[in-house]
Amino acid sequence: METDPSLLGVELEQKQQEELYQQLLLQSMGKMQNDSPPSKVIRPQPGMCVKTSSVSENQKVFLNICQSQAVPPPPPLSQEALVKLLESEDPTSYRVPMSLGEPHTEVDNSSQGCTVYDVVINDEFFQKCQKDALFQQFLIAVSLEGLENKYNLELSRDIKILKNRKFMGSVAEQSIRTKSKPIIQEVDSKEPHSLSSSTKRPEFSLLVEPSIGNAEYLIAEILLPGVISASSLVLDLGEDRLVLIARPALFHLDIFFPLLIDQENSVAQYNTNTRTLTVTMPVVSS
């Protein structure tokens, strides 16, 4: 039985392309490199101090809500849009970028020990919240939810804003990521593109596995018709965000997740037959 050498050549080329892609993927995931994502240390400015308590232990907890230019602002949002958002079925669709610090023990005015968390947000957004009571309540609510999700807490919503102090204890330095770690790195591609250069938002679905119980994985399936190779894709993952660009200016997608994900151990695969990019992301356990 004779074998068509042209078919062997195609299979070999496809295999080489797949090996190259997997190599780039492993490199960008840090499995072949030990470099960490770019970050910098910031010293946030005091903002306001919020008193609450842990539900299970009924112990005092304080939130130092701080401000810094280094934290990016959330998307613009009017008060009318915020009201509609809070009345919607999915208010978590609007995300406020924040840095959540590790818990530290301080002594309150009664000389009693207490737990303190530093929450850092964009300084301009903080000033906006200071001028609007509804935005201030929203900021406190998302800060409480963020801490609960990250540290597996249950905090009381019976809160008190301390008028005479902006922070409890001392505000510590924090290390924040300056750029999301890339999952797919762009390489030069000489393959022609058949679509027009107008950028489109691709169709996508976001699945949770398992569908019942505690979420273990978020799976994004993104349909990219006309994208013939993974080499034209640039994908950035943050702890709660996905940004995808298909070059040259074919598609652009920027979405936020309802859960925090482990971007370091996420995996991306592109199926050239179905033109579908599948991103599997472990959920950070709460």
Side-chain angles (χ1 to χ4, degrees), residues 37-52 54 61-77 81-82 85-86 90-104 115-157 159 161-162 166-181 218 236-243 254-264 281 283-286:
S39 63
K40 64 179 179 180
V41 176
I42 64 169
R43 179 173 290 278
Q45 298 300 312
M48 65 177 175
C49 186
V50 179
K51 178 182 178 181
T52 181
S54 60
V61 174
F62 292 88
L63 276 64
N64 289 332
I65 300 183
C66 310
Q67 51 185 320
S68 173
Q69 294 180 346
V71 178
L77 186 70
L82 177 58
L85 177 71
L86 296 176
D90 185 21
T92 60
S93 59
Y94 182 84
R95 308 287 296 196
V96 178
M98 57 178 56
S99 176
L100 305 175
E102 297 289 333
H104 51 99
T115 302
V116 181
Y117 295 89
D118 297 338
V119 179
V120 188
I121 65 168
N122 176 261
D123 57 343
E124 292 184 3
F125 184 69
F126 176 81
Q127 296 302 324
K128 181 176 183 178
C129 293
Q130 288 291 88
K131 298 175 183 177
D132 191 304
L134 182 61
F135 272 91
Q136 186 179 78
Q137 294 173 10
F138 175 68
L139 170 61
I140 295 173
V142 296
S143 298
L144 292 170
E145 291 176 3
L147 290 171
E148 287 178 331
N149 291 332
K150 183 173 183 178
Y151 295 111
N152 193 22
L153 305 171
E154 186 176 1
L155 300 174
S156 172
R157 269 29 180 196
I159 61 98
I161 301 175
L162 304 186
K166 295 183 179 181
F167 61 94
M168 177 65 68
S170 59
V171 178
E173 293 182 341
Q174 287 197 28
S175 177
I176 65 170
R177 181 167 297 179
T178 57
K179 189 179 188 299
S180 299
K181 196 175 184 70
L218 276 181
D236 278 355
L237 282 183
E239 64 178 6
D240 64 350
R241 186 180 185 185
L242 179 152
V243 179
D254 187 348
I255 57 174
F256 287 90
F257 303 133
L259 300 169
L260 299 180
I261 60 101
D262 179 4
Q263 61 264 52
E264 303 298 330
M281 302 160 283
V283 173
V284 175
S285 58
S286 59

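Only this structure's heavy atoms are used, side chains among them; waters, hydrogens and symmetry mates stay out.
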dist Asp132:CG -> Leu139:CG (nearest 0.5 Å) comes out at 11.5 Å

- request: Begin with the C-alpha distance, continue with both residues' side-chain angles, and end with the deciding distance and a verdict on side chain to side chain contact (heavy atoms under 4.5 Å, CB included) for Asp118 and Phe167.
  value: CA-CA 9 Å; Asp118 297 338; Phe167 61 94; over 6 Å; no

Next on the checklist: I'd like to check Pro74 versus Pro97 (side-chain heavy atoms, cut-off strictly below 4.5 Å). Are they in contact?
Outcome noted: yes

| query | Just wondering, do Val61 and Leu155 contact through their side chains at under 4.5 Å, heavy atoms? | reply | yes

Exercise for review: May I ask you to test the Val50-Leu162 pair for a side-chain heavy-atom distance under 4.5 Å?
Suggested key: no

- request: For residues Met98 and Asn122, determine if any side-chain heavy atom of one lies less than 4.5 Å from a side-chain heavy atom of the other.
  value: no

Mind checking whether Ser143 and Ile65 have side chains closer than 4.5 Å, heavy atoms only? yes

Here the gap from Phe257 atom CZ to Leu237 atom CG, rounded to the nearest 0.5 Å, amounts to 6.0 Å

Exercise. Show your working on side chain to side chain contact (heavy atoms under 4.5 Å, CB included) between Arg95 and Val142 and close with a plain yes or no.
Key: CA-CA 9 Å; Arg95 308 287 296 196; Val142 296; over 6 Å; no

Q) Would one find more than 12 heavy atoms of other residues, nucleotides or ligands at under 6.0 Å from atom CD of Gln130? A) yes

Output for pair (Thr115 OG1, Leu63 CG), nearest 0.5 Å, gives 11.0 Å

Rounded to the nearest 0.5 Å, the CG atom of Leu147 sits from the NZ atom of Lys150 at a distance of 8.5 Å

I want to check a possible cation-pi pair here: Lys51 against Phe62, using under 6.0 Å from ring centre and within 45° of the ring axis as the test. no

Any side-chain donor-acceptor pair under 3.5 Å between Gln263 and Glu239? no

Kindly determine whether Gln67 and Glu124 satisfy side-chain hydrogen bond (donor to acceptor under 3.5 Å, both in side chains), including the steps that lead there. CA-CA 8 Å; Gln67 51 185 320; Glu124 292 184 3; over 6 Å; no

Check your understanding: Yes or no on salt bridge (charged side-chain N to carboxylate O under 4.0 Å, His left out) for Arg157 and Glu148, after CA distance, side-chain angles and deciding distance?
Key -> CA-CA 12 Å; Arg157 269 29 180 196; Glu148 287 178 331; 2.7 Å; yes

So do Leu144 and Ile159 actually touch side chain to side chain, heavy atoms under 4.5 Å? yes

Using side chain to side chain contact (heavy atoms under 4.5 Å, CB included), reason through Met168 and Cys49 one step at a time and then give a plain yes or no.
CA-CA 7 Å; Met168 177 65 68; Cys49 186; 4.0 Å; yes

Is it true that Tyr117 and Tyr151 have ring centroids separated by less than 6.0 Å? yes

CG (Asp236) and CG (Asp254) are apart, to the nearest 0.5 Å, by 10.0 Å

